[in-house]
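Presented below is the structure to which this report refers.
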Amino acid sequence: LGLLLAILAVATSAFSGDGNKKSGKGFLIPNLIAMLCGGITGILQKTHQSSPDKENLEAFLIVAFLLAAALAFSFSLFYGKQMEEQAKEKLVWSKAGLCSVCAGACFGLASMLNTLLAGKLPSTLLFPTYNVGLMMMCLIFGIIIFKERPNKGQLVSFCLGIATILALSF
């Protein structure tokens with residue numbers, strides 16, 4: 001049930017924007033990959049914090065962020081031109097760069113906290129709280145900072161995402 005909800009949430013979010021099916025299809029595969037990687041990350045964090053090497057948190061996070069940077073770089077080579085064109089339409093690069101650095105710093109702190117708590121709290125409590133909280137913060141910051149106005153389809157996707165996290169966690 002949880003996996004079905006996850007696929008439905010991603011598909012709904014891909015086609016809930018401006019009605020442009022091309023952009024929806026271009027969004028779907030990277031979003032599915034991100035969802036899969038997020039799940040794998042949670043498993044790795046829990047495994048690491050349950051292992052005898054749990055004290056090597058800094059090394060674990062450095063390797064994780066180096067891998068993430070390498071993947072982001074490879075995706076930028078593939079999607080770079082498209083992202084540059086979209087940035088010219090919506091944001092000035094310096095503003096996008098600043099937002100990216102801030103987002104990366106917040107993600108790093110959240111990952112460190114998540115990894116620390118993965119070894120101390122039960123998974124059924126930690127991961128739903130963390131993931132739903134992360135989704136809520138993204139929605140709130142999107143509305144406050146970026147003046148986004150989610151449409152009904154995006155709100156349905158948001159609720160499906162929360163239902164997915166809860167279904168997969170219990």
Side-chain angles (χ1 to χ4, degrees), residues 2-3 5-7 9-10 13-14 26-84 86-87 91-146 148 157-158 160-170:
L3 192 56
L5 282 172
I7 292 169
V10 171
S13 68
F27 169 81
L28 194 59
I29 299 299
N31 201 4
L32 286 171
I33 292 169
M35 185 176 70
L36 177 67
C37 290
I40 291 170
T41 300
I43 292 168
L44 290 173
Q45 288 171 324
K46 184 68 174 179
T47 303
H48 180 268
Q49 288 304 103
S50 301
S51 76
D53 292 324
K54 69 180 180 181
E55 300 303 320
N56 295 327
L57 178 63
E58 294 82 11
F60 175 77
L61 290 174
I62 288 170
V63 169
F65 281 110
L66 287 174
L67 181 60
L71 286 171
F73 179 72
S74 63
F75 276 120
S76 73
L77 294 176
F78 187 72
Y79 289 106
K81 194 78 160 170
Q82 177 184 356
M83 289 168 37
E84 187 176 333
Q86 290 174 351
L91 292 172
V92 177
W93 267 109
S94 61
K95 185 177 179 184
L98 179 62
C99 288
S100 296
V101 169
C102 289
C106 290
F107 182 73
L109 290 171
S111 291
M112 187 171 71
L113 179 66
N114 191 30
T115 304
L116 283 169
L117 292 175
K120 296 182 178 14
L121 294 174
S123 298
T124 55
L125 175 65
L126 173 65
F127 292 120
T129 304
Y130 177 81
N131 290 322
V132 170
L134 189 60
M135 287 178 65
M136 296 292 290
M137 294 304 290
C138 287
L139 179 67
I140 291 167
F141 282 119
I143 292 169
I144 293 172
I145 295 174
F146 298 107
E148 292 182 4
S157 297
F158 179 76
L160 280 172
I162 291 173
T164 298
I165 290 168
L166 296 175
L168 288 171
S169 298
F170 297 108

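This one's a predicted model, so the numbers in the text were calculated from it and none came from an experiment. All values below come from the heavy atoms of this structure, side chains included, with hydrogens, waters and symmetry mates left out.
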- Note on the structure: Here the ring-ring contact (aromatic ring centres under 6.0 Å, His included) pairs for residues 36-58, sequence neighbours left out, are His48-Phe60

- Query: When you look at Val63 and Leu67, which way does the side chain to side chain contact (heavy atoms under 4.5 Å, CB included) test go after all the steps?
  - Reply: CA-CA 6 Å; Val63 169; Leu67 181 60; 5.5 Å; no

- Task: Look up atom CG in Leu109 and atom CG in Leu61, then write down how far apart they are to the nearest 0.5 Å.
- Result: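 Nearest 0.5 Å value for the CG-CG distance: 10.5 Å.
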
- Task: Could you tell me which residues satisfy side-chain contact (heavy atoms from CB on, under 4.5 Å) with Ile143, sequence neighbours excluded, listed by chain and number?
- Result: Leu139, Pro150

- Query: Can you list the residues that meet the side-chain contact (heavy atoms from CB on, under 4.5 Å) rule with Ile40, with sequence neighbours excluded?
  - Reply: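 Once residues adjacent in sequence are excluded, the partners of Ile40 under the side-chain contact (heavy atoms from CB on, under 4.5 Å) criterion are Leu36, Leu44.
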
- Message: Looking at every heavy atom in both Lys54 and Gln49, which two are closest together, and how far apart are they?
- Response: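 The answer is CD-O, 3.3 Å.
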
May I have the list of side-chain donor-acceptor pairs in residues 114-132 shorter than 3.5 Å, sequence neighbours left out?
| residue | atom | partner | partner atom | Å |
| --- | --- | --- | --- | --- |
| Asn114 | ND2 | Gln45 | OE1 | 2.6 |
| Thr115 | OG1 | Gln45 | NE2 | 2.9 |
| Thr115 | OG1 | Ser111 | O | 2.8 |
| Thr129 | OG1 | Leu125 | O | 2.7 |
| Asn131 | ND2 | Phe127 | O | 3.0 |

